[in-house]
There are 2 protein chains.
Amino acid sequence: MISQATEDYIKIIYKMKGNGTVTTNSIAKALNVTSASVTNMLKRLAEMRLLKYTSYKGVKLTKAGEKIALEVIRHHRLIELYLSEIMGYTWDEVHDEAERLEHHISEQFEEKIFNMLGSPEFDPHGAPIPSKNGDIPKNEISPLTDCAPGDYVRIERVSDADPEMLRYLSEIGLVLMVEIKILSKEPFNGPLTVNVGGTERMIWDEVAKNIYVAPVLSNDKVEA
Amino acid sequence: MISQATEDYIKIIYKMKGNGTVTTNSIAKALNVTSASVTNMLKRLAEMRLLKYTSYKGVKLTKAGEKIALEVIRHHRLIELYLSEIMGYTWDEVHDEAERLEHHISEQFEEKIFNMLGSPEFDPHGAPIPSKNGDIPKNEISPLTDCAPGDYVRIERVSDADPEMLRYLSEIGLVLMVEIKILSKEPFNGPLTVNVGGTERMIWDEVAKNIYVAPVLSNDKVEA
DNA sequence: ATTAATTTTTAGGCAAGGCTAAAAAATAAT
DNA sequence: ATTATTTTTTAGCCTTGCCTAAAAATTAAT
Ligand SMILES: [Mn+2]
Ligand SMILES: [Mn+2]
Ligand SMILES: [Mn+2]
Ligand SMILES: [Mn+2]
């Protein structure tokens with residue numbers, strides 16, 4: 001059996017591979033353990049052939065490691081969606097529960113909830129759910145911070161890192177699939193003003209960073 | 001946080017307290033570990049004030065220990081019922097899944113499934129679900145092996161220990177709430193013959209041991 | 001009352017996964 | 001090119017839970 005700690009290391013390494021080299025320190029920070037602990041674990045994971053580890057140089061998952069990462073992420077996102085769709089959790093409550101359960105459900109459980117949810121492709125925060133064989137549903141999204149005045153976009157994904165932020169976002173109506181129009185944007189990472197369901201809102205960098213959007217095709221637009 | 005191992009020890013000790021003194025060996029057998037491991041753990045549990053441990057003499061849970069036991073058992077049985085009622089598991093599939101999940105769900109999760117299930121009192125095998133404050137729903141049941149010819153009884157509980165046995169029982173129609181009439185019983189733990197839904201069945205000791213029944217009041221009887 | 005058998009505890013080890021403090025390597029600054 | 005800073009690794013230690021083998025205590029049989 002593969003341990004919870006192992007799964008958490010592998011998962012975080014997988015998630016960090018986007019932003020350049022995955023270093024000892026970055027893993028330590030993400031998992032809230034010391035770098036010494038990370039070095040120790042990386043050696044063991046390399047021993048298990050779940051990743052390739054070059055001292056001082058960083059780390060890269062093997063095929064086997066990536067498979068485990070995708071499996072855990074699939075569990076996590078399916079559970080999040082299940083909690084929210086079937087059990088009535090709010091989107092700020094699902095992450096912590098999923099973070100534990102992802103390591104302890106059976107394949108049968110995974111399959112059952114996958115079917116109950118109608119073969120879903122995205123979790124409650126818009127994150128793609130890897131398929132059983134590791135394919136990741138694609139959708140074209142970009143950071144809200146990249147938008148320009150005049151853009152008309154739909155919220156397609158939010159970061160699930162901070163429950164407080166999620167509560168704030170739903171409070172001000174910034175939930176998935178909501179369409180917003182960018183009214184203005186100040187330079188130097190300054191605040192945006194947007195129109196959300198008829199209300200004008202200011203969204204500053206700290207908040208905007210959490211939101212990803214896709215353009216609304218002009219023929220779908222409903223002028224606000 | 002209290003570890004999974006701790007919870008499993010406490011739970012098994014609680015369950016064994018019915019049959020006389022709980023000994024090192026009996027715990028070892030039940031948990032499939034060596035007696036040396038048990039001695040070691042008992043010392044730690046005593047240190048944590050979860051039980052009173054007298055060398056060579058056996059063990060008894062404290063109030064704190066009992067509270068943990070009841071909490072874990074409540075989780076286990078609620079999860080079993082949830083899996084069977086809401087997710088379509090069969091009664092032979094629920095135990096293993098519950099055995100892991102019981103240690104990892106939150107109080108919120110517990111509450112949600114409790115409500116979804118309509119404040120249930122018994123699990124899919126007829127075992128009572130301890131209430132939030134530790135009360136255990138009572139029902140008057142006795143072993144099927146204690147029945148005498150002529151008795152008319154209802155199946156109120158089955159042992160969930162062996163999935164194979166559970167599959168066999170449902171195969172021959174011996175599921176919860178089914179009413180059966182005892183036709184004959186051989187001495188020396190010999191087989192019983194019973195009438196189940198019009199069919200005559202032989203139930204020998206190994207099988208009968210798993211079944212607990214309550215008498216059906218004569219005015220409720222439906223002659224078979 | 002001894003002796004034999006059984007149960008339980010001790011002693012000593014091991015693997016996983018953490019930690020701190022010190023050493024070494026890599027990077028950045030002068 | 002040195003020197004200073006940051007990153008990473010080593011070394012040594014700890015706790016949890018498990019193990020085996022040997023010793024001690026208890027219980028059962030003669
Ligand atoms: Mn996790
Ligand atoms: Mn999510
Ligand atoms: Mn368990
Ligand atoms: Mn049960």
Side-chain angles (χ1 to χ4, degrees), chain A residues 1-17 19-61 64-65 68-69 72 99-100 102-104, chain B residues 1-17 19-61 64-65 68-69 72 99-100 102-104:
Chain A
M1 243 293 101
I2 184 159
S3 75
Q4 158 146 217
T6 299
E7 289 188 349
D8 280 337
Y9 273 88
I10 293 286
K11 184 172 75 160
I12 209 69
I13 291 166
Y14 177 88
K15 283 194 174 181
M16 294 192 310
K17 84 171 161 16
N19 356 323
T21 330
V22 180
T23 66
T24 302
N25 252 5
S26 62
I27 297 170
K29 225 157 285 172
L31 292 181
N32 214 12
V33 296
T34 62
S35 322
S37 301
V38 173
T39 301
N40 177 260
M41 180 60 112
L42 291 183
K43 283 194 209 153
R44 296 213 310 280
L45 295 176
E47 190 60 45
M48 297 184 227
R49 313 269 158 207
L50 298 180
L51 47 79
K52 207 174 91 309
Y53 169 50
T54 332
S55 256
Y56 293 100
K57 287 298 175 187
V59 94
K60 187 163 180 303
L61 294 182
I68 289 171
V72 177
E99 193 61 38
R100 275 172 291 110
E102 63 187 3
H103 309 289
H104 305 290
Chain B
M1 240 296 99
I2 184 160
S3 75
Q4 158 147 233
T6 299
E7 289 188 350
D8 280 337
Y9 273 88
I10 294 286
K11 185 173 75 161
I12 209 71
I13 290 166
Y14 176 88
K15 283 194 175 181
M16 293 191 312
K17 85 172 162 13
N19 355 322
T21 330
V22 179
T23 66
T24 301
N25 251 5
S26 62
I27 298 171
K29 225 159 285 174
L31 292 180
N32 215 11
V33 295
T34 62
S35 323
S37 301
V38 173
T39 301
N40 178 260
M41 180 61 111
L42 291 183
K43 283 194 208 153
R44 297 211 310 278
L45 296 176
E47 189 61 44
M48 299 184 228
R49 313 266 157 211
L50 298 180
L51 47 78
K52 208 173 90 319
Y53 169 49
T54 331
S55 257
Y56 293 101
K57 285 299 173 187
V59 96
K60 186 162 180 303
L61 293 183
I68 289 171
V72 177
E99 194 61 37
R100 275 172 292 110
E102 64 187 2
H103 309 289
H104 305 290

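Below, read A as the first sequence line, B as the second, and so on, with proteins coming before strands; counting in each chain starts at 1. What you see below is based on every heavy atom in this structure, not just the backbone, and it leaves out hydrogens, waters and symmetry mates. Note that the structure is a prediction, hence the values are computed from the model and not measured.
Within the structure, every side-chain polar atom (N or O) of B:S37 is placed at least 4.0 Å from both OP1 and OP2 of D:dC18. Between D:dT8 and A:N25, a contact under 4.0 Å exists linking OP1 or OP2 to a side-chain N or O. Look at A:Y53 and you'll find a side-chain N or O under 4.0 angstrom from OP1 or OP2 of D:dT9. Listed pair A:S55 / C:dA25 fails the phosphate criterion, with no side-chain N or O lying under 4.0 Å from OP1 or OP2. For D:dT7, neither phosphate oxygen OP1 nor OP2 lies less than 4.0 angstrom from any side-chain nitrogen or oxygen of A:T24.
For the pair B:M48 CE and D:dG17 P, the computed distance is 6 Å after rounding to whole Å. Atom-to-atom, OH of A:Y56 to P of C:dA24 comes out at 9 Å; the value is rounded to the nearest Å. The distance between atom CG of B:L45 and atom C1' of D:dG17, rounded to the nearest whole Å, is 11 Å. Rounded to whole angstrom, the span from the CE atom of A:M1 across to the P atom of C:dA15 amounts to 20 Å. Here the C1' atom of nucleotide D:dG17 and the OH atom of B:Y9 are 7 Å apart, to the nearest Å. Counting to the nearest Å, the P atom of C:dG18 and the CE atom of A:M41 are 6 Å from each other. Between the CD atom of A:Q4 and the C1' atom of D:dT16 there is a distance of 15 Å, given to the nearest Å. One atom, CG of A:N40, and another, P of D:dA11, lie 13 Å apart when rounded to the nearest Å.
Comparing B:V38 and A:V33 against DNA chain C, the residue whose closest nucleotide sits nearer the 5' end is B:V38.
Here the side chains of A:T6 and A:M1 are not in contact, with every heavy-atom distance at 4.5 Å or above. The shortest side-chain heavy-atom distance between B:E99 and B:K11 falls under the 4.5 Å cut-off. The shortest side-chain heavy-atom distance between B:Y14 and B:V22 does not fall under the 4.5 Å cut-off.
Listed candidates were C:dC19, C:dT9, D:dT8. Nearest to the side chain of A:T34 is C:dC19. Distance from the side chain of A:R44 is smallest for C:dG17 among the nucleotides D:dT16, C:dG17, C:dC19.
The shortest non-hydrogen separation linking A:I68 to A:L50 is CD1-CD2, 3.7 Å.
Other residues, nucleotides and ligands place more than 12 heavy atoms under 6.0 Å from the NZ atom of A:K17.
Across all strands, B:K43 comes closer than 4.0 Å only to sugar-phosphate atoms, never to a base (heavy-atom distances).
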